[in-house]
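So the structure is just underneath, and the comments pick up after that.
Owing to the predicted nature of the structure, the values given are computational and were not obtained by experimental measurement.
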Amino acid sequence: VQLQASGGGLVQAGGSLRLSCAASGRTVSIYVMAWFRQAPGKEREFVARIRRTQGITYYADSVRGRFTISSDNAKNTVYLEMNSLKPEDTAVYYCAADRSRVGSTPAAYEYWGQGTLVTVSS
């Protein structure tokens, strides 16, 4: 499975961005997809996840109510709609996928995309 993230950029505080993560390869085996982020000097942290078949979502407290994760299974693409962005949301955002595990730590995900940079200016 290969993951390709896109959609990052520079946005002012309060603005919005939509990230996309396109999966290719043996996509039928993917059970859950997620977004993580990593700010400079910090550890990679969980943002949101979605179980592809059931559509069940889960968010980190820091983004709940502002970010929305969704999946278009026909396109093998997961989206992260980010609204009311804050400077502290600035990070490289990574998409991840796994065939069976559901978790909120990087260790729970087997496949990773290359990351896309989101910069929120104050």
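Applying the side-chain hydrogen bond (donor to acceptor under 3.5 Å, both in side chains) criterion to Ser104, with sequence neighbours excluded, gives Arg49. Take Arg99 and apply the salt bridge (charged side-chain N to carboxylate O under 4.0 Å, His left out) test, not counting sequence neighbours, and it matches Glu110. Applying the side chain to side chain contact (heavy atoms under 4.5 Å, CB included) rule to Val118 yields the partners Leu17, Leu19, Met82, Tyr93, Val120; only residues at least two apart in sequence or on another chain are considered. For Ser6, the side chain to side chain contact (heavy atoms under 4.5 Å, CB included) criterion is met by Ser20, not counting sequence neighbours. Asp98 pairs by the salt bridge (charged side-chain N to carboxylate O under 4.0 Å, His left out) definition with Arg101, not counting sequence neighbours. Taking the side-chain hydrogen bond (donor to acceptor under 3.5 Å, both in side chains) definition, one finds that Thr90 meets it with nothing, sequence neighbours left out. Applying the salt bridge (charged side-chain N to carboxylate O under 4.0 Å, His left out) test to Glu88 and every residue at least two apart in sequence or in another chain returns nothing. For Phe36, the ring-ring contact (aromatic ring centres under 6.0 Å, His included) partners at least two apart in sequence or on another chain are Phe46, Tyr109, Trp112. Residues satisfying the side chain to side chain contact (heavy atoms under 4.5 Å, CB included) criterion with Ser62, sequence neighbours excluded, are Arg37, Ala60. With sequence neighbours excluded, the residues that form a side-chain hydrogen bond (donor to acceptor under 3.5 Å, both in side chains) with Ser16 are Asn83. Taking Arg51 as the reference, Tyr31 meet the side-chain hydrogen bond (donor to acceptor under 3.5 Å, both in side chains) condition, with sequence neighbours excluded.
The salt bridge (Lys or Arg N to Asp or Glu O under 4.0 Å) pairs that include a residue from residues 70-87 number zero, where partners must be two or more places apart or lie in different chains.
Rounding to the nearest 0.5 angstrom, the gap separating the SG atom in Cys95 from the CG atom in Leu80 is 10.5 Å. Separation of atoms CZ (Arg52) and OG (Ser71) is listed at 5.0 Å; rounding is to 0.5 Å. Within the model, atoms OG1 of Thr53 and CD1 of Ile30 stand 10.5 Å from one another, a figure rounded to the nearest 0.5 Å. To the nearest 0.5 angstrom, Met33 atom CE is 14.5 Å from Thr57 atom OG1. Separation of atoms CG (Leu85) and OG (Ser121) is listed at 10.0 Å; rounding is to 0.5 Å.
In this structure, Glu43 places its CD atom where only 12 or fewer heavy-atom neighbours from other residues, nucleotides or ligands lie under 6.0 Å away.
Looking at Thr27, its side chain never comes within 3.5 Å of a backbone N or O of Ser24 through a donor-acceptor pair. Under a 3.5 Å cut-off, the side chain of Gln114 and the backbone N or O of Ala5 do form a donor-acceptor pair. One N or O on the side chain of Thr116 and one on the backbone of Gly8 form a donor-acceptor pair closer than 3.5 Å.
Follow the hydrophobic side-chain contacts under 4.5 Å out from Val47 and you reach Val11 in the same cluster. Tyr94 and Val1 are assigned to two separate hydrophobic clusters, defined by single-linkage of ILVMFWY side chains at heavy-atom distances under 4.5 Å. Tyr79 is not connected to Tyr59 by any chain of hydrophobic side-chain contacts under 4.5 Å among Ile, Leu, Val, Met, Phe, Trp and Tyr, and they are in different clusters.
Nearest heavy-atom pair, Trp35 versus Ile69, reported as atom, atom and distance to 0.1 Å: CD1-CD1, 3.7 Å. In terms of heavy-atom proximity, Ala23 sits nearest to Leu3 at CB-CD2, 3.7 Å. Of all heavy-atom pairs spanning Ala13 and Pro87, the tightest one is CB-CD, 4.1 Å.
Within the cation-pi definition used here (under 6.0 Å to the ring centroid, within 45° of the axis), Arg64 qualifies as a partner of Tyr58.
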